[in-house]
Amino acid sequence: MGYVLKHGTIIGENTRLEQVDVLVEGNRIKQIGIDIDSTGHTLIDCTNLFISPGFIDMHVHLREPGFEYKETIESGSKAAAAGGFTTVACMPNTRPATDNADIVRFIIEQANKHGYARVLPIAAITAGQKGEELTDIPALKEAGAVGLSDDGRGVQRADRMKRAMEIAKQYDMPLIIHAEDETLSGKGCMNAGEAAERLGLPGIPDDAEAVMVARDIVLAEVTGAHLHVCHVSAKSVIELIRYAKGRGLPVTGEVAPHHLLLTDDQIDPDNSDWKVNPPLRTKRDREACIEAFLDGTLDIVATDHAPHSVEEKQKPFTEAPFGMVGLEIAFPLMYTHFVKTGRMTLNELVDRMATRPAKLFKLQGGRIQPGEPADLTVLDLHATKVIDPASFLSKGKNTPFAGQKAQGWPVLTMVDGVVSFDAR
Ligand SMILES: NC(=O)N[C@@H](CC(=O)O)C(=O)O
Ligand SMILES: [Zn+2]
Ligand SMILES: [Zn+2]
């Protein structure tokens with residue numbers, strides 16, 4: 001007994017304009033066709049709905065182990081499912097940091113027990129994310145880590161990064177970098193510039209991000225390692241990635257919805273939900289992010305879902321932790337502001353949220369085709385809702401998008417042939 005998703009419109013590489021049925025048996029897509037017999041199967045009526053390959057988010061913070069009050073693998077993967085994500089890669093800035101094979105295995109076990117999405121651990125580059133001693137990269141890979149990052153911090157020492165890349169290259173692991181030279185970013189809490197001056201808040205210049213990206217592009221060329229640049233926020237960084245790609249280097253980039261949609265001049269200094277790292281930058285940076293996303297310089301969308309507690313985010317702007325949640329609103333925001341406005345097609349958006357991440361990181365999923373795992377997202381592209389953090393399944397409610405209207409919401413998510421979210 002399986003599922004028949006009836007009369008849906010498939011999005012993605014294999015787009016079919018007519019309404020079709022998708023038969024799921026076990027954990028696989030068995031058949032795509034017209035009038036598939038649903039006898040003995042559970043019928044999911046997809047009339048007026050779209051069926052997308054499940055979204056893949058390469059950058060989330062699930063906070064477990066150590067910060068369960070902010071999020072758990074259970075609550076975070078529930079939020080993922082509600083946002084139409086079937087796979088999320090989680091960052092190692094846990095407590096303790098995900099810097100050894102036992103913690104990688106713990107995350108995988110927790111996800112298998114309590115998860116509503118596939119959870120792929122990203123392991124730390126350095127022990128305790130302290131930037132000194134390298135982790136045991138082969139052991140981390142063996143345990144199931146899909147990449148390496150010290151996210152939350154940049155690796156300050158070039159010699160450490162170079163050595164990590166040499167080993168990562170050997171073991172075919174991507175370096176997923178948080179680019180921030182701490183000697184330049186200092187104690188800033190928002191983008192350095194006119195807005196910060198007006199508000200009298202300490203700034204973080206974009207060169208703090210660009211300097212490290214430049215260094216790591218050089219090192220990626222020397223070592224041949226896959227360098228993936230996290231949460232790109234600035235024009236200066238985009239120019240460097242464009243240069244790297246022009247040289248044919250294995251460099252890729254991600255952009256978060258907030259850097260595509262928000263700027264520093266909009267920041268409400270009395271609301272720390274606007275505080276994120278890298279910070280929201282200028283209009284010029286935002287336009288550069290949009291252009292780079294549209295032309296593929298920035299390959300994929302990643303949310304950098306960073307839940308924090310209400311108490312933490314009630315602190316003043318200078319003291320509150322950096323981060324915004326994103327899993328449950330990423331698709332509606334992207335659909336509303338990129339597809340509805342005609343900047344890109346629905347197929348192109350799904351490519352950047354599902355197909356391309358799967359290709360870049362050699363993951364399963366990303367395509368709707370017989371034989372593929374049944375990782376699917378059913379979307380109601382007509383539904384319009386006001387973003388209400390109180391309704392989030394994530395423990396994190398911290399988003400500056402609260403109160404904004406968005407169109408195009410996931411209504412059902414299936415992971416590995418199992419329904420993980422159903423809002424019908
Ligand atoms: N992006 C953020 O503002 N915060 C992230 C850390 C990070 O992604 O660098 C977090 O862990 O809260
Ligand atoms: Zn980061
Ligand atoms: Zn992050």
Side-chain angles (χ1 to χ4, degrees), residues 1-57 77-87 116-118 327-336 338-340 344-355 358 364-385 391 393 406-424:
M1 149 130 184
Y3 291 95
V4 175
L5 291 87
K6 259 214 168 308
H7 303 310
T9 305
I10 294 183
I11 327 167
E13 266 185 343
N14 198 28
T15 312
R16 309 256 281 256
L17 281 176
E18 79 271 35
Q19 302 200 327
V20 294
D21 302 341
V22 178
L23 171 64
V24 172
E25 264 182 23
N27 60 355
R28 303 262 152 192
I29 297 166
K30 183 79 187 289
Q31 189 191 344
I32 300 169
I34 312 278
D35 287 332
I36 294 177
D37 184 7
S38 58
T39 319
H41 298 301
T42 303
L43 189 120
I44 299 174
D45 182 8
C46 293
T47 310
N48 296 323
L49 302 175
F50 286 73
I51 307 174
S52 169
F55 306 142
I56 299 175
D57 190 347
S77 65
K78 263 189 195 167
F85 290 91
T86 51
T87 298
Y116 290 76
R118 296 179 197 270
L327 280 168
E328 291 169 81
I329 52 177
F331 179 80
L333 286 172
M334 293 304 298
Y335 181 73
T336 303
F338 281 84
V339 179
K340 284 284 288 174
M344 69 196 315
T345 65
L346 179 60
N347 271 327
E348 285 165 342
L349 177 58
V350 166
D351 179 47
R352 305 307 191 84
M353 292 185 69
T355 315
Q364 49 183 338
R367 297 178 331 147
I368 298 186
Q369 219 132 72
E372 289 285 317
D375 287 7
L376 304 169
T377 296
V378 180
L379 301 163
D380 181 349
L381 296 181
H382 303 287
T384 298
K385 280 204 277 183
S391 72
L393 301 182
Q407 183 178 337
W409 292 81
V411 289
L412 183 136
T413 307
M414 182 181 280
V415 182
D416 216 22
V418 177
V419 174
S420 57
F421 171 72
D422 189 351
R424 294 169 310 148

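The shown structure was predicted, so the numbers you read here are calculated from the model rather than taken from an experiment.
- Between Arg28 atom CZ and Asp416 atom CG the span is 7.5 Å, to the nearest 0.5 Å.
- Residues Val419 and Asp422 share a closest heavy-atom pair of CG1-CB, 4.0 Å.
- Separation of atoms CD1 (Ile36) and CG (Leu5) is listed at 9.5 Å; rounding is to 0.5 Å.
- Side-chain N or O atoms of Thr413 include one that pairs as donor or acceptor with a backbone N or O of Ala81 at under 3.5 Å.
- A donor-acceptor pair is defined here as one N or O able to donate and one able to accept, closer than 3.5 Å; no such pair exists between the side chain of Arg118 and the backbone of Thr86.
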*Dump the intermediate steps for side chain to side chain contact (heavy atoms under 4.5 Å, CB included) on Leu23 and Ile29, then the final yes or no.*
CA-CA 6 Å; Leu23 171 64; Ile29 297 166; over 6 Å; no
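- Between the Glu328 side chain and the Leu393 main chain, a donor and an acceptor come within less than 3.5 Å of each other.
- Side-chain contact check for Val411 versus Leu379: every heavy-atom pair is 4.5 Å or farther apart.
- Two rings, from Phe421 and Tyr116, have their centers 6.0 Å or more apart.
- With Gln407 contributing its side chain and Leu381 its backbone, the two residues share a donor-acceptor pair below 3.5 Å.
- For the pair His41 (side chain) and Gly2 (backbone), a donor-acceptor distance under 3.5 Å is present.
- The shortest distance between side-chain heavy atoms of Gln364 and Pro373 falls below 4.5 Å.
- At least one side-chain heavy atom of Pro410 sits under 4.5 Å from a side-chain heavy atom of Thr377.
- Partner of Val24 under the side chain to side chain contact (heavy atoms under 4.5 Å, CB included) criterion, chosen from Leu376, Val4, Ile44: Leu376.
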*asked:* Using side chain to side chain contact (heavy atoms under 4.5 Å, CB included), reason through Ile10 and Val22 one step at a time and then give a plain yes or no.
replied: CA-CA 9 Å; Ile10 294 183; Val22 178; 3.9 Å; yes
*Run the numbers on Glu25 and Tyr3 for side chain to side chain contact (heavy atoms under 4.5 Å, CB included), then give the verdict.*
CA-CA 7 Å; Glu25 264 182 23; Tyr3 291 95; over 6 Å; no
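- For the atom pair Ile51 CD1 and Gln19 CD, the distance stands at 9.5 Å (nearest 0.5 Å).
- Annotation for Ile56 and Ala358: closest pair CD1-CB, 3.7 Å, computed over non-hydrogen atoms.
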_Quick one, Arg424 with Leu412, criterion side chain to side chain contact (heavy atoms under 4.5 Å, CB included). Give me CA distance, side-chain angles, the key distance, then yes/no._
CA-CA 7 Å; Arg424 294 169 310 148; Leu412 183 136; 3.7 Å; yes
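- Side-chain atoms of Glu348 come within 3.5 Å of backbone N or O of Thr345 as a donor-acceptor pair.
- Taken from CZ in Phe55 to CZ in Arg352, the straight-line distance is 14.5 Å, to the nearest 0.5 Å.
- Between Asp45 and Lys6 no salt bridge is recorded (no basic side-chain N to carboxylate O distance below 4.0 Å).
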